Amino acid sequence: ELHWRQASGSGSLLSFTTGDVNISQTIVEESKLFKITVSFGNVASLISLPCFMSHASIPAEVRAARGLPDDLVRISAGVEDVDDLIADLKQAMDKAMPNVSPTRVVSLTREQELEQRIKELESQLGI
């Protein structure tokens, strides 16, 4: 809500997790249009794995406590054609997850969220 009060459109920076560091690394390595870098001050499309690049000096337990998972992929979309960028990410994801359907990935993420919520509720109830 705050974003839409302050901006006239969406931003170019996004992050996502895959649930597997190897999958994240493959996506980063297989993308062709995105440059691998830690800086996002550029008009070119950029991609990074913060836990292995910009945040590598922070101990893993501190990153985890701050909600920064090792499989996080961060992308800054540049001025390239949006359809080309989407196609590039798709081919990189297809290489990283050749036997995984998009529906299954979403289901696993949602399932993990629900399992975490159940654990939190059980903890509150003393179970």
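Quantities reported herein were computed from a predicted structural model and do not represent experimental measurements.
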Chemist: To the nearest 0.5 angstrom, please state how far the OG atom of Ser48 sits from the CZ atom of Arg74.
Modeler: 6.0 Å
Chemist: Quick one: closest heavy-atom pair of Val28 and Val73, and the distance?
Modeler: CG2-CG1, 4.2 Å
Chemist: Given the rule that I, L, V, M, F, W and Y join up when any side-chain heavy atoms are under 4.5 Å apart, are Leu14 and Leu33 in one cluster?
Modeler: yes
Chemist: Is there a path of hydrophobic side-chain contacts, each under 4.5 Å between heavy atoms of I, L, V, M, F, W or Y residues, that connects Phe16 with Leu68?
Modeler: no
Chemist: Looking only at heavy atoms, what is the nearest atom pair of Val62 and Ile58, with distance?
Modeler: CG1-CG2, 3.6 Å
Chemist: Return the minimal non-hydrogen interatomic distance between Glu80 and Val43, and the atom names on each side.
Modeler: OE1-O, 4.3 Å
Chemist: Take atom NZ of Lys90 as the centre, draw a 6.0 Å sphere, and report whether it contains more than 12 heavy atoms from other residues, nucleotides or ligands.
Modeler: no
Chemist: What's the separation between atom CG in Leu72 and atom OG1 in Thr17, rounded to the nearest 0.5 Å?
Modeler: 7.0 Å
Chemist: Please round to the nearest 0.5 Å and tell me the distance separating atom OG of Ser24 and atom CD of Glu29.
Modeler: 10.5 Å
Chemist: How close do Arg63 and Ala56 get, heavy atom to heavy atom, and via which atoms?
Modeler: NH1-O, 3.9 Å
Chemist: Shortest non-hydrogen contact from Ala92 to Ser31?
Modeler: CB-N, 3.8 Å
Chemist: Please determine which of Ile23, Asn22, Ile27 meets the side-chain contact (heavy atoms from CB on, under 4.5 Å) test together with Gln25.
Modeler: Asn22
Chemist: Between Val79 and Ile47, is there a shared hydrophobic cluster once you connect ILVMFWY residues whose side-chain heavy atoms come closer than 4.5 Å?
Modeler: no
Chemist: So how far is it from Asp20 CG to Asp70 CG, rounded to the nearest 0.5 Å?
Modeler: 11.0 Å
Chemist: For residues Leu46 and Ile86: do they belong to one hydrophobic cluster (side chain heavy atoms under 4.5 Å, members Ile, Leu, Val, Met, Phe, Trp, Tyr)?
Modeler: no
Chemist: Looking only at heavy atoms, which two atoms of Ser45 and Gly78 are closest? And how far apart?
Modeler: OG-N, 2.7 Å
Chemist: Please round to the nearest 0.5 Å and tell me the distance separating atom CG of Leu89 and atom CG of Asp84.
Modeler: 11.5 Å
Chemist: Pick from Lys32, Glu30, Met93: which one makes a side-chain contact (heavy atoms from CB on, under 4.5 Å) with Asp88?
Modeler: Lys32
